[in-house]
Amino acid sequence: MKKIFGAKKSQDPPPSIQDATDRIYKRGDTVDEKIKKLDAELARYKEQIKKTRPGPAQEAVKARAMRILKQRKMYEGQRDMLYNQTYNLDQVAFASEGIKDAQQTMTAMKAANKELKGMMKTVRIEDIDSMQDEMMDLMDVSNEIQETLGRSYNVPDDIDEEELMGELDALEADMDFESNSVPSYLQPDKETDLDSELNLPAAPSGHAAIPANRQQEEIDGSCYMLEIIMNVLLNS
C-alpha cells in the first residue's frame with residue numbers, strides 16, 4: 001500500500017516568532033547593503049555630471065543617475081516594509097512572553113497557596129492567644145518579683161504620703177525657728193565698728209593689735225559650737 005499511495009511525509013514544525021524575526025532581519029541587512037551600493041554609484045554619477053559639459057554625454061549620465069534613484073526608492077520601500085513586519089513580530093513576541101510569564105506566575109502562586117494551606121493546618125489561633133496570655137502572666141509575675149526584691153525593709157507599707165508631707169513641713173518650720181532663736185553670743189561675729197558704737201578711746205600705740213588669724217579661729221569656733229547645738233536640738 002505504501003508503494004502505491006506513498007508514505008505520509010512528516011510535517012515540519014511551524015517557524016517560531018524568533019525564527020521569522022531573524023529571517024526578516026537578514027533580508028533587511030541585504031536590502032541595506034544594496035542601498036549602500038546604489039548610494040556609492042549615485043555619488044559617482046554626481047561627480048561625473050559636475051565634470052561633464054552640458055550635452056548628450058551629461059544627459060546620458062543623468063539618465064543613469066535617475067535609474068539608480070528609482071532603484072534606491074524601491075529598496076527603501078522594501079526596507080520600510082520589512083521594518084514594519086519586524087515591529088509587528090516584536091509586538092506579538094512581547095504579548096507571547098507576557099502570557100508565558102502570567103502562566104508561570106499562576107503556577108507559582110498555586111504551589112505557594114497549597115504550601116501555605118499545609119502550614120496553616122499546623123498553626124492555630126487559639127494556641128497563639130494562649131501563648132500570649134501565658135507570656136503576659138509571666139511578665140506580671142516577673143514585675144512583682146522585681147518590686148518585692150527592691151522593697152525596703154525599714155519602711156512600712158501603710159504610710160500616708162500626706163502625713164509625711166505634713167511632718168516634713170513641720171520639721172522645716174522648726175528648723176527655721178531654731179535658727180532664728182540662737183543666742184547672740186553663739187552667732188558669728190559681725191564685722192561692725194565697735195569703736196564707733198561704744199565710743200571707746202583709741203588703743204594705746206604701745207600694745208600690738210589682735211592678729212587676723214586669731215580672729216578667724218574665734219569665728220570658726222563659734223560656728224562649730226553652733227553646729228553642735230543644732231544637731232542636739234534636731235536629735236532631741
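All values below were derived from every heavy atom in this structure, side-chain atoms included, with hydrogens, water molecules and symmetry-related copies excluded.
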Asks: Set out, in order, the CA-CA distance, both residues' side-chain angles and the distance that settles side-chain contact (heavy atoms from CB on, under 4.5 Å) for Leu82 and Thr86, then state yes or no.
Replies: CA-CA 6 Å; Leu82 292 175; Thr86 56; 5.5 Å; no

Asks: Is the side chain of Ser96 donor-acceptor paired with the backbone N or O of Val92 at a distance under 3.5 Å, no angle test?
Replies: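 Side chain of Ser96 to backbone of Val92: no pair is present.
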
Asks: Is there a continuous path of hydrophobic side-chain contacts, each under 4.5 Å between heavy atoms, that joins Tyr83 to Met74?
Replies: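 Different clusters: Tyr83 never reaches Met74 through Ile, Leu, Val, Met, Phe, Trp or Tyr contacts under 4.5 Å.
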
Asks: Measuring from atom NZ of Lys37 to atom CG of Asp39, what distance do you get when rounded to the nearest 0.5 angstrom?
Replies: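 Here the interatomic distance stands at 12.5 Å.
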
Asks: With a sphere of 6.0 Å drawn around CD of Glu126, does it hold more than 12 non-hydrogen atoms of other residues, nucleotides or ligands?
Replies: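 Yes, because the 6.0 Å sphere around CD of Glu126 holds more than 12 heavy atoms from other groups.
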
Asks: Starting at NZ of Lys26, measure out to OG1 of Thr30 and round the result to the nearest 0.5 Å.
Replies: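 Atom-to-atom, Lys26:NZ and Thr30:OG1 are 9.5 Å apart.
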
Asks: Under the side-chain contact (heavy atoms from CB on, under 4.5 Å) rule, what do Arg27 and Val31 come out as? Steps first, then yes or no, please.
Replies: CA-CA 6 Å; Arg27 289 179 58 190; Val31 174; 5.5 Å; no

Asks: Residues two or more places apart in sequence or in another chain: which of them pass side-chain hydrogen bond (donor to acceptor under 3.5 Å, both in side chains) with Asp22?
Replies: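 Per chain and number, Asp22 pairs via side-chain hydrogen bond (donor to acceptor under 3.5 Å, both in side chains) with Gln18.
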
Asks: Has Leu116 got more than 12 heavy atoms of other residues, nucleotides or ligands less than 6.0 Å from its CG?
Replies: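 For Leu116, atom CG is crowded (more than 12 foreign heavy atoms under 6.0 Å).
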
Asks: Please give the remaining members of the hydrophobic cluster of Phe94, linking ILVMFWY side chains under 4.5 Å, ordered by chain and number.
Replies: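 Its cluster mates, by chain and number: none.
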
Asks: Between the side chain of Asp127 and the main-chain N/O of Val123, is any donor-acceptor distance below 3.5 Å?
Replies: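 No, Asp127 side chain to Val123 backbone: no donor-acceptor pair under 3.5 Å.
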
Asks: Taking only residues two or more places apart in sequence or in another chain, which ones pass side-chain hydrogen bond (donor to acceptor under 3.5 Å, both in side chains) with Glu76?
Replies: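 In terms of side-chain hydrogen bond (donor to acceptor under 3.5 Å, both in side chains), with neighbours along the sequence ignored, Glu76 is linked to Arg72.
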
Asks: List the atom of Leu38, the atom of Ile68, and the distance in Å for their closest heavy-atom pair.
Replies: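 Of all heavy-atom pairs spanning Leu38 and Ile68, the closest is O-CG2, 3.5 Å.
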
Asks: Distance-only, no hydrogens or angles: does the Thr105 side chain make a donor-acceptor pair with backbone N or O of Asp101 under 3.5 Å?
Replies: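 Checked: pair present.
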
Asks: Please lay out, stage by stage, how Met119 and Glu115 fare under the test side-chain contact (heavy atoms from CB on, under 4.5 Å).
Replies: CA-CA 6 Å; Met119 294 172 63; Glu115 183 178 1; 4.2 Å; yes

Asks: Would you check if the side chain of Asn143 reaches a backbone N or O of Met139 as a donor-acceptor pair within less than 3.5 Å?
Replies: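 Present.
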
Asks: Which heavy-atom pair separates Ala65 from Ile49 by the least distance, and what is that distance?
Replies: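 Reported closest heavy-atom pair: CB-CD1, 4.5 Å.
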
Asks: Side chain to side chain donor-acceptor pair (under 3.5 Å), that's the test. Do Asp133 and Ser130 meet it? Break it down for me.
Replies: CA-CA 5 Å; Asp133 294 337; Ser130 178; 5.9 Å; no

Asks: So, taking the atom named CG in Asp140 and the one named CD1 in Ile145, what distance separates them when rounded to the nearest 0.5 Å?
Replies: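 Atom-to-atom, Asp140:CG and Ile145:CD1 are 11.0 Å apart.
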
Asks: Please check this pair: side chain of Thr107 against backbone of Gln103, looking for a donor-acceptor N/O pair closer than 3.5 Å.
Replies: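 Checking the backbone N and O of Gln103 against the side chain of Thr107, a donor-acceptor pair under 3.5 Å is found.
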
Asks: CG/Asp90 to CD1/Ile24 distance, rounded to the nearest 0.5 angstrom?
Replies: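 Asp90 atom CG to Ile24 atom CD1 measures 9.0 Å (nearest 0.5 Å).
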
Asks: Shared ILVMFWY cluster between Ile35 and Met81, side chains joined below 4.5 angstrom?
Replies: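 No; Met81 is not reachable from Ile35 via cluster members.
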
Asks: For Glu41 and Arg64: C-alpha separation, side-chain torsions, deciding distance, then whether side-chain contact (heavy atoms from CB on, under 4.5 Å) applies.
Replies: CA-CA 10 Å; Glu41 292 181 5; Arg64 288 195 291 270; over 6 Å; no

Asks: Quick one: OH on Tyr45 to CG on Leu69, what's the gap to the nearest 0.5 Å?
Replies: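 So the OH of Tyr45 and the CG of Leu69 are separated by 11.0 Å.
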
Asks: Can you tell me if CZ on Arg23 sees more than 12 non-hydrogen neighbours from other groups inside 6.0 Å?
Replies: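 No, the 6.0 Å shell around CZ holds no more than 12 heavy atoms from other groups.
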
Asks: Quick one: pull up NZ in Lys100 and CD in Gln104 and give me the separation to the nearest 0.5 Å.
Replies: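 Lys100 atom NZ to Gln104 atom CD measures 9.0 Å (nearest 0.5 Å).
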
